[in-house]
Protein chains: 2
Amino acid sequence: MERMPKKQRHQQLARLIEDNPFLTDRELTRLLKVSIQTIRLDRLELAIPELRERLKLMAERSYDPVRSLPLHEVIGDILDLQLDKSGISMFEIRDEHVFSRSGIARGHHVFAQANSLAVAVINDEIALTASADIRFIRPARLGEKCIAKAYVRSSGVQKGKAKVEVFTYVGDEMVFQGNFVIYRSAGSADEEGAGEA
Amino acid sequence: MERMPKKQRHQQLARLIEDNPFLTDRELTRLLKVSIQTIRLDRLELAIPELRERLKLMAERSYDPVRSLPLHEVIGDILDLQLDKSGISMFEIRDEHVFSRSGIARGHHVFAQANSLAVAVINDEIALTASADIRFIRPARLGEKCIAKAYVRSSGVQKGKAKVEVFTYVGDEMVFQGNFVIYRSAGSADEEGAGEA
DNA sequence: GTTCATACTGATACCTGGTGCCAATCCGAT
DNA sequence: ATCGGATTGGCACCAGGTATCAGTATGAAC
C-alpha cells in the first residue's frame with residue numbers, strides 16, 4: 001500500500017494523459033491506484049482539463065485548419081510571405097520525419113516544405129505543382145530547423161504558369177534546392193495537362 | 001409557423017452539422033425552429049452521432065495519424081517488390097491529402113508515394129534521394145487510388161548511385177512521372193553531397 | 001504526548017448533452 | 001370523421017465530469 005510521492009504521481013499522470021488523451025478519470029484511477037478524487041485534484045493542480053475538454057480541443061485543432069486559410073495547408077511555419085514575390089518557411093525535423101536508423105529526414109518531408117511554400121507564394125485561388133526539378137544537397141537531420149526560401153522567378157499571370165525557385169537551408173548550409181513550375185488558375189478555364197500541389 | 005418539409009430539414013441539418021460539427025442539439029433547435037426531440041429523431045434517422053461522439057471521432061482521426069501517418073516505411077501499401085528491379089505500391093487519396101477547396105491531392109503526397117517507393121526498391125542498408133526530376137501529369141483527386149510503379153534503370157551498386165524511374169497511375173491514366181537518383185551506401189562510408197529520402 | 005498541516009478519500013448535489021421510451025398533439029389526406 | 005405520419009412533451013437514466021464539505025491517515029513540530 002505504499003504511496004508514491006505526489007510529485008512523481010503528477011509526472012506519471014501528465015505522461016499518461018499526454019500519450020493517451022482519451023483516458024477517463026476512472027481509468028486513471030486503475031492506473032495510478034488512487035481515488036478518483038485524488039485524480040481530480042491532481043488534474044486541477046496540473047491544469048489538465050477534463051476528458052471532454054481535451055477531446056474538444058483536439059477536435060478544434062484538427063478542424064480549424066480545414067476551414068482556415070491555405071496557410072494551414074503549408075508544411076512548416078510561414079515566417080514571411082510576399083505574394084507573387086517570395087516567401088520563407090521554417091520546418092523542424094522531428095522524430096516522425098526521419099529514418100529511425102540514420103536520423104536522416106526522409107526526402108518527401110523536405111520536398112513537402114518546399115512544395116507547399118512554392119504553392120502558397122502564388123497569389124491565386126488555385127495553384128498546383130506542374131513539375132519540379134529538385135536536388136537534395138545534403139541530408140537534413142533530426143532536430144535541425146529547415147528554412148526554405150522561395151522566389152517567384154516568373155509569375156506568369158496571363159500564361160497560367162509560374163516559376164518558383166526554392167532553397168532550403170539549415171543554418172547557412174543549403175540542404176535542398178528545387179525549381180518548381182506551378183499552374184495557376186489566373187482566370188483561365190481550368191487544367192489541361194495540369195498538375196497538382 | 002409554416003413547417004419545412006422533413007426532407008429539406010434533414011438536408012439542412014446534415015449541412016449545418018457538416019460545416020459546424022460543434023453544434024449542440026439545443027443550438028440546432030434555434031437554427032431549424034423545431035423542438036429538440038425532432039432534432040434528435042432527425043439525427044437518429046440520418047445516423048448522425050451526438051456531439052460528443054462527433055468530437056471524439058474528430059479527435060481520434062487527428063490523433064491516430066500522428067502515430068501512423070509518419071508511416072514507418074513507405075507511403076502507400078507495397079503490392080510488389082523485387083529488390084533492385086522494380087516495385088509497385090498503392091496509395092488512396094483521402095481527405096487529409098487534398099486541398100479542401102478543390103479536392104485535388106497536394107503534390108507532396110503523390111511525390112511521397114513515389115519517393116518512398118524509389119527508396120524502398122533499392123536493396124541497401126541506407127538509401128537516400130539525391131535528386132529528382134518530376135512531373136505532375138494530371139491532378140489526383142479525393143478517393144482515387146494511385147498505383148506507383150518503380151523501375152530500377154541502373155542499380156549502380158559500385159558507383160553508389162542508382163537511377164529509378166517511377167510512374168504513378170490512376171486506372172490507366174498517368175498522373176505522375178519521376179526520375180530519381182538515389183544514393184546507396186553500397187559498403188561505401190557515408191554521404192558526401194548525398195541527399196535524403 | 002498533543003497539535004497541526006498535508007495528503008487522501010468519501011459523499012452529495014449539480015451540470016451538460018445527450019439516449020430511450022411513452023404519451024399527447026397537430027395536421028393533412030382519404 | 002378518422003387514420004397515420006410528423007412533431008412535441010415529459011420523465012427516467014447515463015457518463016463524465018465540477019464544486020463543496022466532511023472525515024481519515026500520516027508524519028513532522030512543539
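Lettering follows sequence order; numbering is per chain, from 1.
- By the ring-ring contact (aromatic ring centres under 6.0 Å, His included) test, F111(B) pairs with F111(A), F180(B), sequence neighbours left out.
- The side-chain heavy atoms of F136(B) and T168(B), taken from C-beta on, include no pair separated by under 4.5 Å.
- At the heavy-atom level, R43(B) lies under 4.0 Å from the strands shown only through sugar-phosphate atoms.
- The distance from atom NZ of K6(A) to atom P of dG27(D) is 16 Å, rounded to the nearest whole Å.
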Distances under 3.5 Å between nitrogen or oxygen atoms of protein and nucleotides 14-16 of chain D:
{"from": "dA15(D)", "atom 1": "N3", "to": "R52(A)", "atom 2": "NH2", "distance (Å)": "2.9"}
{"from": "dG16(D)", "atom 1": "O4'", "to": "R52(A)", "atom 2": "NH2", "distance (Å)": "3.1"}
{"from": "dG16(D)", "atom 1": "N3", "to": "R52(A)", "atom 2": "NH1", "distance (Å)": "3.1"}

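- As a whole-Å value, the separation of Q37(B) CD from dG10(D) C1' is 8 Å.
- In this structure, I39(A) and R54(B) both approach DNA chain C, and ranking their closest nucleotides by distance from the 5' end singles out I39(A).
- Note on I36(B): nothing from the nucleic acid sits closer than 4.0 angstrom, heavy atoms only.
- One finds a side-chain N or O of T38(B) lying less than 4.0 angstrom from the OP1 or OP2 phosphate oxygen of dT8(D).
- Look at CD on Q8(A): it is 16 Å from C1' on dA7(C), rounded to the nearest Å.
- Between the P atom of dT16(C) and the CG atom of L23(B) lies a distance of 18 Å, rounded to the nearest Å.
- Straight-line distance from the CD atom of E53(B) to the P atom of dT19(C): 9 Å, rounded to whole Å.
- Legend: side chain to side chain donor-acceptor pair (under 3.5 Å) pairs involving residues 173-182 of chain B, not counting sequence neighbours, sorted by first then second residue: R135(B)-Q177(B), R138(B)-E173(B).
- Taking the charged nitrogens against the carboxylate oxygens, D84(B) and R184(B) do have a contact shorter than 4.0 Å, which makes a salt bridge.
- A ring-ring contact (aromatic ring centres under 6.0 Å, His included) check over residues 4-25 of chain A, counting only residues at least two apart or in different chains, returns the pairs F22(A)-Y63(B).
- Other members of the cluster containing L41(A) do not exist, because no ILVMFWY side chain is joined to it at under 4.5 Å.
- Rounded to a whole Å, the CD atom of E27(B) is 9 Å from the P atom of dG18(C).
- The interatomic distance linking L41(A) (CG) with dT18(D) (P) rounds to 10 Å, in whole Å.
- Taking R43(A) as the reference, L13(A), I17(A), D25(A), R40(A), I48(A), E50(A), R54(A) meet the side chain to side chain contact (heavy atoms under 4.5 Å, CB included) condition, with sequence neighbours excluded.
- The CG atom of L46(B) sits 15 Å away from the C1' atom of dA6(D) (whole-angstrom rounding).
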